[in-house]
Number of protein chains: 2
Amino acid sequence: MSLAQIRYFVAVAEERNVGRAARRLHVAQPPISRQIRSLEEELGSPLFRRTPRGMDLLPAGEVFLEHARGILVAVEVATDATRRAGS
Amino acid sequence: MSLAQIRYFVAVAEERNVGRAARRLHVAQPPISRQIRSLEEELGSPLFRRTPRGMDLLPAGEVFLEHARGILVAVEVATDATRRAGS
DNA sequence: CGCGTCCAATACCCTTTCGATCTGAGCCGG
DNA sequence: CCGGCTCAGATCGAAAGGGTATTGGACGCG
């Protein structure tokens, strides 16, 4: 699992759409699709239901989403605090 | 910043020694050194003082260490909770 | 009914990143 | 001094990651 995967996941969960998430993150669509799939494999359970109109969060996805947001915030807080301590 | 870098950092901080951290993580020593350096550059401040006998945590490093441990725990918790929700 | 549209997934290539090995430089103890 | 630590640097091969182009499925509209 990588922080990029977590960021991709949060964007897709919020946009409910891989293409929009990709544009928001300034990356192409296929990398996002692949990373989401890889994340699901690593976690051992699907996070989204694929529909012709986008991606619907599954229960496991909702659980992961809450934690994922916390992780990203924690990384940002750690970065800021360390920069502040270092200068 | 990657989760691997955070794991490397925590190991080095705890061992106060790059070589021991490398053995503990089952990777070679130079990759650890490089990732630590890259992390310091990204954070904008040194985290360790290099000595002929090992690595001493600087104040910025101590700050980052506390946050880093929390991030790794959060990743583990997120993983477990999601696995549990998915099965 | 097609046909155009919108979606995610796949195939393929290329660049970048990452780790392993080997080597070097600095310091300390015997 | 010399032998054994330490971390850092150079080089190489493998793996990962992103981009473009394309496919395939589902819907809606004429």
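Each chain gets a letter, A, B and so on, in the order the sequences are listed, and its residues count up from 1.
One interatomic measurement links the two molecules: CD of Glu42(A) to C1' of dA16(D), which rounds to 14 Å at whole-angstrom precision. Here the P atom of nucleotide dC18(C) and the CG atom of Leu3(B) are 12 Å apart, to the nearest Å. The CG atom of Leu39(B) sits 16 Å away from the P atom of dT17(C) (whole-angstrom rounding). Atom P of nucleotide dG19(C) and atom CD1 of Ile36(B) are separated by 11 Å, given to the nearest angstrom. If you measure from atom CE of Met1(B) to atom P of dT17(C), you get 16 Å, rounded to the nearest angstrom. In this structure, Gln5(B) places its CD atom 11 Å from C1' of dT17(C), rounding to the nearest Å. Atom OH in Tyr8(B) sits about 16 Å away from atom P in dT17(C), given to the nearest Å. Protein atom CD of Glu40(B) is 12 Å distant from nucleotide atom C1' of dA8(D), rounded to whole Å.
Ionic pairing of Glu15(A) and Arg23(A) is not present here: no N-O contact between side-chain nitrogen and carboxylate oxygen is shorter than 4.0 angstrom.
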With B for base contact, S for sugar-phosphate-only contact and - for none (protein heavy atoms under 4.0 Å), nucleotides 21-29 of chain C reads BB----S--

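Toward the 5′ end of DNA chain D lies the nearest nucleotide of Arg50(B), the other residue of the pair Ile32(A) and Arg50(B) mapping further downstream.
When all heavy atoms of Leu47(A) and Thr82(B) are compared, the pair lying nearest together is CD2-CG2, 3.8 Å. Taking every heavy atom of both residues into account, Ala81(A) and His67(B) meet most closely at CB-NE2, 3.7 Å. Closest approach of Leu3(B) and Leu72(B) over heavy atoms only: O-CD2, 4.4 Å. Contact record, Phe9(A) with Gly61(A): CZ-O, 3.4 Å, taken as the closest heavy-atom pair.
Ser38(A) places no side-chain N or O within 3.5 Å of a backbone atom of Arg34(A) that could act as its donor or acceptor partner.
Counting only residues at least two apart or in different chains, salt bridge (charged side-chain N to carboxylate O under 4.0 Å, His left out) contacts with residues 37-47 of chain A comprise Glu40(A)-Arg50(A).
In this structure, Arg24(A) places its CZ atom where more than 12 heavy-atom neighbours from other residues, nucleotides or ligands lie under 6.0 Å away. Annotation: Glu76(B), atom CD; neighbour count of heavy atoms from other residues, nucleotides and ligands within 6.0 Å does not exceed 12.
Between Ser33(B) and dA8(D) there is a side-chain N or O to OP1 or OP2 distance below 4.0 Å.
Distance from the side chain of Gln35(A) is smallest to dG17(D) among dG17(D), dA8(C), dC7(D). If you check dG9(D), dG18(D), dG19(C) against the side chain of Arg37(B), the one that comes closest is dG9(D).
Contacts with DNA chain D (heavy atom under 4.0 Å) in residues 15-26 of chain B: Asn17(B), Val18(B), Gly19(B), listed by number.
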